[in-house]
Amino acid sequence: MINKVVMTKGAVFDYEEIVCLIPADRQKIKSAAEKSVKEENAAFLRTVYADPDSQKELILFLRRGYDFGPMRMWILEGICEKCDYSPEMEENGIIKEWLEVVIE
């Protein structure tokens, strides 16, 4: 299976305007995310990314998209610092609500 990641406007906004405050190297982030998902069959993933540009440990929130033959699409919906994430926030629905915000 070939994994491909699409980065949403929300994920770019999270990186550039909230978390790292520098321009996102989208290709570097997408490439790291593609390597991290490997053969996952989950509908939603959280993966840790050590960002060399900002020197921060980030969590990338990925939702499984469609399969096209041997290719699986993943949507990178949001990014936060690892220290800002907690399972309680996810259980309470805070993270789901944050990821569903549409950036125009």
Side-chain angles (χ1 to χ4, degrees):
M1 184 66 64
I2 300 166
N3 293 298
K4 289 292 176 188
V5 171
V6 175
M7 205 168 168
T8 65
K9 289 180 184 178
V12 174
F13 179 82
D14 291 344
Y15 185 95
E16 294 181 345
E17 304 295 330
I18 297 172
V19 179
C20 299
L21 304 174
I22 58 174
D25 185 339
R26 295 177 192 191
Q27 191 54 46
K28 193 183 297 183
I29 296 168
K30 290 187 328 183
S31 183
E34 288 168 0
K35 289 177 187 172
S36 72
V37 294
K38 304 203 191 288
E39 294 295 322
E40 295 287 342
N41 285 317
F44 185 76
L45 296 172
R46 287 161 302 295
T47 185
V48 177
Y49 171 58
D51 183 34
D53 297 329
S54 68
Q55 303 300 312
K56 295 181 179 187
E57 272 200 304
L58 307 174
I59 295 191
L60 309 178
F61 295 92
L62 298 153
R63 182 175 47 86
R64 183 175 170 177
Y66 295 100
D67 291 350
F68 301 102
M71 186 169 61
R72 176 167 293 153
M73 300 299 295
W74 293 88
I75 296 104
L76 176 53
E77 293 186 325
I79 298 172
C80 76
E81 274 195 78
K82 186 177 178 184
C83 62
D84 290 335
Y85 172 80
S86 76
E88 293 81 25
M89 289 174 64
E90 196 154 351
E91 290 168 13
N92 294 336
I94 295 168
I95 291 179
K96 183 178 184 298
E97 288 176 13
W98 159 60
L99 292 174
E100 291 177 350
V101 171
V102 177
I103 305 291
E104 295 182 18

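Hydrogens, waters and symmetry mates play no part in the numbers below; they use all other heavy atoms, side chains included.
In this structure, CZ on Arg72 lies 4.0 Å from CG on Asp67, to the nearest 0.5 angstrom. Here the CG-CZ distance, from Asp14 to Phe61, works out to 9.0 Å after rounding to the nearest 0.5 Å. In this structure, the separation between CZ on Phe44 and CH2 on Trp74 is 10.5 Å, given to the nearest 0.5 Å. Here CD1 of Ile59 is found 7.5 Å from CD1 of Ile95. Values are rounded to the nearest 0.5 Å.
In terms of hydrophobic clustering, with Ile, Leu, Val, Met, Phe, Trp and Tyr side chains grouped at heavy-atom distances under 4.5 Å, Phe13 and Tyr49 are assigned to a common cluster.
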Item to complete: Output, in order, the C-alpha distance, side-chain angles, deciding distance and verdict of side-chain contact (heavy atoms from CB on, under 4.5 Å) for Leu58 and Glu81.
Response: CA-CA 4 Å; Leu58 307 174; Glu81 274 195 78; 4.2 Å; yes
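Under the rule for a side chain to side chain contact (heavy atoms under 4.5 Å, CB included), the partners of Met73 that lie at least two apart in sequence or sit in another chain are Lys4, Val6, Phe68, Met71. Residues that satisfy the salt bridge (charged side-chain N to carboxylate O under 4.0 Å, His left out) test with Glu34, not counting sequence neighbours, are absent from this structure. With sequence neighbours excluded, the residues that form a salt bridge (charged side-chain N to carboxylate O under 4.0 Å, His left out) with Glu90 are Arg46. By the side chain to side chain contact (heavy atoms under 4.5 Å, CB included) test, Ala11 pairs with Met7, Thr8, Leu76, Ile79, sequence neighbours left out. The side chain to side chain contact (heavy atoms under 4.5 Å, CB included) check on Glu57 picks up Val48, Lys82, with sequence neighbours excluded. Listed by chain and number, the residues in a side chain to side chain contact (heavy atoms under 4.5 Å, CB included) with Ser36 are Thr47 (sequence neighbours excluded).
The shortest non-hydrogen separation linking Ala33 to Val5 is CB-CG2, 3.8 Å. For Val19 against Cys80, the heavy-atom pair with the smallest separation is CG2-CA, 3.9 Å.
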Report all side-chain donor-acceptor pairs from residues 21-32 shorter than 3.5 Å, counting only partners two or more places apart or in another chain.
{"unit_1": "Asp25", "atom_1": "OD1", "unit_2": "Lys28", "atom_2": "N", "d": "3.2"}
{"unit_1": "Lys28", "atom_1": "NZ", "unit_2": "Asp53", "atom_2": "OD1", "d": "3.1"}
{"unit_1": "Lys28", "atom_1": "NZ", "unit_2": "Asp53", "atom_2": "OD2", "d": "3.3"}

